[in-house]
Amino acid sequence: MFSKENRVERIEKRRIGLRVYFYILCSILYSLSSNAQCAMCRAALGGEANKAQAQAVNDGIVYLMVIPYLLMGVLGYVIYRMWKKKSA
């Protein structure tokens, strides 16, 4: 009824599906514990009078987050141009 090749293909698809579900589950469980601040940040930014300081900390976080994305984008663009030049 089913060939050996078909059976092996179905088993491989099932393994890939299980891996995907496992990685999704792990990423969800890992992200659940990341909703906390350090004690120093909470103490420094806790009150209403520290709005300017809180905004400065948020701007610093965004700045630190953007730099790796820009570097990876530039690196990806350079690799793309090298690949395009090589294939042409």
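Along the sequence shown, the residues carry numbers beginning at 1. Values reported hereafter were calculated over all heavy atoms of this structure, with side chains retained and with hydrogens, waters and symmetry mates removed. Quantities reported herein were computed from a predicted structural model and do not represent experimental measurements.
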Rounded to the nearest 0.5 angstrom, the CG-CE distance for Leu70 and Met65 is 10.0 Å
The side-chain contact (heavy atoms from CB on, under 4.5 Å) partner of Arg19 among Tyr23, Phe22, Tyr21 is Tyr23
One should read off an interatomic distance between Asn6 CG and Ile11 CD1, to the nearest 0.5 angstrom, of 10.0 Å
Distance col, row Lys51:NZ vs Asn58:CG, nearest 0.5 angstrom, shows 12.5 Å
- According to a 4.5 Å side-chain heavy-atom criterion applied to Ile, Leu, Val, Met, Phe, Trp and Tyr, with indirect links allowed, do Tyr63 and Leu71 form part of one hydrophobic cluster? yes
Value for CG (Leu64) from CG (Asp59), rounded to nearest 0.5 Å, stands at 11.0 Å
### Task
Establish whether Val66 and Val74 are linked, either directly or via other cluster members, by ILVMFWY side-chain heavy-atom contacts under 4.5 Å.
no
### Query
Is there a side-chain contact between Arg15 and Glu12, using heavy atoms and a 4.5 Å cut-off?
yes
Rounded to the nearest 0.5 angstrom, the NZ-CZ distance for Lys85 and Arg81 is 6.0 Å
